[in-house]
Number of protein chains: 2
Amino acid sequence: MPYIRPTDHRQPDIAMDDAHHSNASTVLRGALVGCGFFAANQMRAWQELPGVAIAALCDRDAGRLAAFGDTFGIEHRFDDIETLLTQMAVDFVDIAAPTPAHETLVTAAAHYGVDIICQKPFAGSLATARRLINICRKHGVSLTVHENFRWQHAVRRVAELIGEGRIGRPFFGRISYRSGFDVFANQPYLATLERFIIQDLGIHTLDMARALFGDVVRLSCETGRVNPDIAGEDHATLMLRHEAGCVSVVDCSYATTLADDPFPQSLIEVDGDRGSIRLAADFQLTIHGPGGSATVEDVTPTWPAWSEAPWNVIQESVVALQGDWIERRRAREPAPTAGPDNFNTLALVEAAYQSAATGQSVEPERW
Amino acid sequence: MPYIRPTDHRQPDIAMDDAHHSNASTVLRGALVGCGFFAANQMRAWQELPGVAIAALCDRDAGRLAAFGDTFGIEHRFDDIETLLTQMAVDFVDIAAPTPAHETLVTAAAHYGVDIICQKPFAGSLATARRLINICRKHGVSLTVHENFRWQHAVRRVAELIGEGRIGRPFFGRISYRSGFDVFANQPYLATLERFIIQDLGIHTLDMARALFGDVVRLSCETGRVNPDIAGEDHATLMLRHEAGCVSVVDCSYATTLADDPFPQSLIEVDGDRGSIRLAADFQLTIHGPGGSATVEDVTPTWPAWSEAPWNVIQESVVALQGDWIERRRAREPAPTAGPDNFNTLALVEAAYQSAATGQSVEPERW
């Protein structure tokens, strides 16, 4: 690996403020850390977006690293993040490694004064999450969680309609994700997780609930397992009381048999005091207004050229999240899914497992 | 009022067993007690059904009694149930009076050895419910709660499919009743109730949840009020853990704006380990089976000739409940919504208000 230009990790604040970072015309240079199943989506999105380039890859698995690097034409490859950060001048790392590796990776990047994007769940516990957020703050680097579901085109439209007051004050919502899609085929480790659907999928739909209805003051959760071949729960039903007053149901299942399986779409209902929103599986969004009016919008996304069904729903959201991240990075604004925000989503996951285990309602922790 | 033939209320067991009651060809004679808004549906259903006749009416409001009697051609009219039961030989009373009157009416009928049908909520508290059930047992009379939602044609079909094992073991259900229908126009007293939607409507959908998924071991509930002109809650969201393992969401609202308002229909989802059921507002019932199969059944009811939209959904169920009651009465079997069964539905209502008030999950009482 060639020596490029090390960021001076002893002076991260200076590094943060140099002209290289603030000039909008300069290409942001990133390193993708972790070259597994989902990382390819993040890679393709970076390649599609202007003003950004992945300058290096990092993975402990040599075969995976080589294959990924060859596929995407990335020359600089590392099996160790410290070496990468020492040798490469990057503005950010995009961490797509599994959760147990996040603490080491985030800490290293923070020490090198490099901004961080990190896959969800960004920490294995709230204590770790809190520590990582504080480390990033201390080192003056931004920490953004790659929480992409709220970035889905249809979800953004629902959020926009709520924000515009089109249905008045929301008092009820449902975010429903019910599928029989074989997620274990691409990600066999999912079958071994003691905590499965809430941690893997519910975390996304809970984040959507927060994005649409705000933070949560109380939560109840019931879980179960249908599939005998997996370790964790494969269906979960949650009821949330949001601080702003809305009540929402967040239900998810990978044990649901549907002829027209909506994977990986979430169906959404929102009732407000002046109207309702219904998002159906075919991307038909109906806005019900006073006096029996109904407007139907087709919110089918513009799919990235490289996307493929059924993953295109997610892939489009990855581009949206990363595109927004670039703009925020240039404007020095925290991303919507910055660490402190995502801490509160992670806290819902913890609260959900606690509620399911105890049969009691739980008040989630808050940042 | 003429003297007809008093039932010997000192010997109710003898009265229960006499030939009059056991002969299937004999017309069952009933008294309708309470001539308010909903009683007309029960009256028309009795008039439609063979083998039964309403022989007398009872209401404390003279004008209402006269109008109702004239409308339905019922000559024998009483303003007092004791007088009615003394003067008329009836096999049953159908109590359509408000809940606060039930204790007096049920107790009187039990003392006269007369079988009882009673509108929901059949008691204002679980203690009263328990007392009334025991009084009826002591006097050897049957007590059936006029809980009709589970008798809706579409709901019966869903129950039948579950019973047949068409979707395997149910692990998730949703019963959703969301409407903006102005129920206060016909029943203005509803606006004055401190306990509104759960007690008036949720009680029905909770009973449906019990009918479909069995008894409930744990419940959480969140409520709210959108309409500023009423006293009680107009939306409620409940999550139930059923003893057999299923988790269900029961949500209801009279504050929901929908262009195609489904009032008074409930939409149903059931996920089983071998298939799913979806009941849509247009009475299209889809049964999803393994391997992507889907069967659509049109479960539009055969409407009673006298029924009128949108009430026809309910009116059809009233005929079904009362028709079943006649058969059970002749066979000396308890009705599905007999007192002890309905006690457990009433207990869900109590648990729901308790959960909403405390923010805690509640284990409902059970008979």
Side-chain angles (χ1 to χ4, degrees), chain A residues 167-169 171-174 176 178 180 217-228 234-242 245-249 251 253 255-261 269 271-276 278 286-295 355 358-363, chain B residues 167-169 171-174 176 178 180 217-228 234-242 245-249 251 253 255-261 269 271-276 278 286-295 355 358-363:
Chain A
I167 58 163
R169 190 182 57 85
F171 65 87
F172 173 81
R174 184 200 188 189
S176 183
R178 310 195 74 79
V217 292
R218 186 166 56 236
L219 169 161
S220 308
C221 177
E222 299 281 356
T223 63
R225 178 167 59 83
V226 171
N227 185 338
D234 57 9
H235 63 94
T237 309
L238 295 99
M239 181 166 59
L240 317 178
R241 168 67 79 173
H242 298 265
C246 188
V247 175
S248 73
V249 172
D251 59 290
S253 163
T256 295
T257 307
L258 288 172
D260 43 357
D261 196 307
E269 301 173 22
D271 288 5
D273 58 11
R274 293 195 290 114
S276 300
R278 297 289 183 269
T286 308
I287 307 155
H288 300 264
S293 71
T295 310
S355 175
T358 61
Q360 289 300 311
S361 310
V362 173
E363 296 179 13
Chain B
I167 58 163
R169 189 182 58 83
F171 65 87
F172 174 81
R174 184 200 188 188
S176 183
R178 310 195 74 79
V217 292
R218 186 167 55 235
L219 169 162
S220 309
C221 177
E222 299 281 356
T223 62
R225 179 167 58 83
V226 171
N227 185 338
D234 57 9
H235 63 93
T237 309
L238 295 99
M239 181 166 60
L240 317 178
R241 168 66 78 172
H242 297 265
C246 188
V247 175
S248 73
V249 172
D251 59 290
S253 162
T256 295
T257 307
L258 288 172
D260 42 358
D261 196 307
E269 300 174 22
D271 287 5
D273 58 11
R274 292 195 290 114
S276 300
R278 296 289 183 270
T286 308
I287 307 154
H288 300 264
S293 71
T295 311
S355 175
T358 61
Q360 289 300 311
S361 310
V362 173
E363 296 179 12

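A note on names: the letters A, B, ... follow the listed sequences, proteins ahead of strands, and every chain is numbered from 1.
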Exercise. Using a cut-off of under 4.5 Å for heavy-atom pairs, which of B:V249, B:L240, B:T358, B:T237 has the most such pairs with chain A?
Worked result: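 Sorted descending by pairs with chain A, the first entry is B:T237.
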For this session: Count the heavy-atom pairs under 4.5 Å between each of A:V362, A:T286, A:D271 and chain B, then report the option with the highest count.
Result: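 It is A:D271.
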Exercise. Which of the residues A:G292, A:G275, A:G359 is involved in the greatest number of heavy-atom pairs with chain B at under 4.5 angstrom?
Worked result: A:G359
Pick one of side chain, backbone, both or neither for [X], based on which atoms fall under 4.5 Å of a heavy atom in chain B.
X	result
A:S248	neither
A:S293	backbone
A:N227	neither
A:R174	side chain

Exercise. Does B:D261 have any side-chain contact (heavy atoms from CB on, under 4.5 Å) partners at least two apart in sequence or in another chain, and if so, which?
Worked result: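 Counting only residues at least two positions away or on another chain, B:D261 forms a side-chain contact (heavy atoms from CB on, under 4.5 Å) with B:S179, B:F263.
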Which region of [X], side chain (C-beta onward) or backbone (N, CA, C, O), has a non-hydrogen atom less than 4.5 Å from a non-hydrogen atom of chain A, or is it both or neither?
X	answer
B:E363	neither
B:C221	backbone
B:S355	neither
B:L238	backbone

Close side-chain approach of [X] to [Y], heavy-atom, < 4.5 Å:
X	Y	value
A:R278	B:L258	yes
B:D251	B:M239	no
A:D260	B:H288	yes

Problem set entry | Inter-residue atom distance A:S253.OG - A:R178.CZ, 0.5 Å rounding |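 With rounding to 0.5 Å, OG (A:S253) is 4.5 Å from CZ (A:R178).
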Problem set entry | For A:R241, salt bridge (charged side-chain N to carboxylate O under 4.0 Å, His left out) partners two or more places apart |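 By the salt bridge (charged side-chain N to carboxylate O under 4.0 Å, His left out) rule, A:R241 matches B:E222.
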Exercise. So, for A:G289 and B:T257, which heavy atoms are closest and what is the spacing to 0.1 Å?
Worked result: O-CG2, 3.2 Å
Exercise. Which pair of heavy atoms, one from B:C246 and one from B:G173, lies closest together, and at what distance?
Worked result: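 Answer, listing the atom of B:C246 first, then B:G173: SG-N, 4.0 Å.
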